[in-house]
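Numbers here simply count residues along the sequence, with the first being 1.
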Amino acid sequence: MKFQLFSQVALREDIPKYGLKKGATATIVEHYQMPEGEEDSYSLEGFNLEAITVEVAESQIQSSVGTRQWRVPTGNRVNASSLGRIISG
């Protein structure tokens with residue numbers, strides 16, 4: 001398994017079916033190990049798609065490096081260091 005469960009990853013390509021763009025981030029919630037010679041796959045959640053799990057091949061994702069960002073209800077982007085201030089008021 002190249003990626004650990006519950007790690008954050010970014011898409012390497014668009015997934016038009018869900019309107020997702022390259023670089024969108026999500027969390028790995030399941031890993032599907034395939035037989036030798038076949039590509040492993042993963043289930044991802046957290047693309048601002050409520051109750052949707054997106055399944056991707058290992059080659060479609062990469063480690064999410066740098067500042068993580070979340071979309072808040074106002075539509076503004078915030079970095080991880082300011083998230084605590086938003087939640088607490």
Side-chain angles (χ1 to χ4, degrees):
M1 175 168 48
K2 182 176 179 179
F3 299 101
Q4 296 296 314
L5 288 178
F6 309 111
S7 61
Q8 191 171 31
V9 294
L11 292 179
R12 301 183 111 194
E13 59 190 58
D14 294 349
I15 301 180
K17 177 179 177 179
Y18 297 104
L20 299 172
K21 300 291 184 188
K22 178 180 177 179
T25 57
T27 301
I28 293 174
V29 295
E30 190 64 60
H31 170 246
Y32 305 101
Q33 186 170 358
M34 301 308 225
E36 185 73 29
E38 293 184 36
E39 187 174 19
D40 285 1
S41 59
Y42 298 86
S43 289
L44 308 178
E45 292 182 355
F47 287 114
N48 291 326
L49 298 173
E50 194 169 319
I52 298 288
T53 300
V54 178
E55 293 171 7
V56 298
E58 188 170 86
S59 62
Q60 292 179 286
I61 56 176
Q62 62 189 6
S63 294
S64 179
V65 180
T67 303
R68 291 185 173 94
Q69 296 183 334
W70 290 270
R71 194 168 284 284
V72 294
T74 61
N76 297 324
R77 289 191 173 266
V78 294
N79 63 39
S81 63
S82 58
L83 185 61
R85 289 188 296 251
I86 292 171
I87 292 172
S88 62

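Taking hydrophobic clusters as Ile, Leu, Val, Met, Phe, Trp and Tyr residues chained together by side-chain heavy-atom distances below 4.5 Å, Val56 shares a cluster with Ile52.
The CD1 atom of Ile61 sits 10.5 Å away from atom CD of Glu13, with the distance rounded to the nearest 0.5 Å.
The minimum heavy-atom distance between Ala26 and Phe47, with the atom names listed, is CB-CZ, 3.4 Å. The shortest non-hydrogen separation linking Ser43 to Tyr32 is OG-OH, 2.8 Å. Nearest heavy atom pair, residue Thr53 against residue Tyr18, reads O-OH, 4.4 Å.
Judged by distance alone, the side chain of Asp40 and the main-chain N or O of Gln33 form no donor-acceptor pair under 3.5 Å. No donor-acceptor pair closer than 3.5 Å links the side chain of Glu45 to the backbone N or O of Val29.
Residues Ser59 and Arg12 are not in side-chain contact: their nearest non-hydrogen atoms beyond the backbone lie 4.5 Å or more apart. Between Lys21 and Leu11, every side-chain heavy-atom pair lies at or beyond the 4.5 Å cut-off.
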Inset, instruction - Assess whether side-chain contact (heavy atoms from CB on, under 4.5 Å) is satisfied between Val9 and Ile28, documenting all intermediate values. - result: CA-CA 7 Å; Val9 294; Ile28 293 174; 3.7 Å; yes
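Checking Glu30, Glu55, Glu58, Gln60 one by one against Tyr42, the side-chain hydrogen bond (donor to acceptor under 3.5 Å, both in side chains) holds for a single residue, Glu58.
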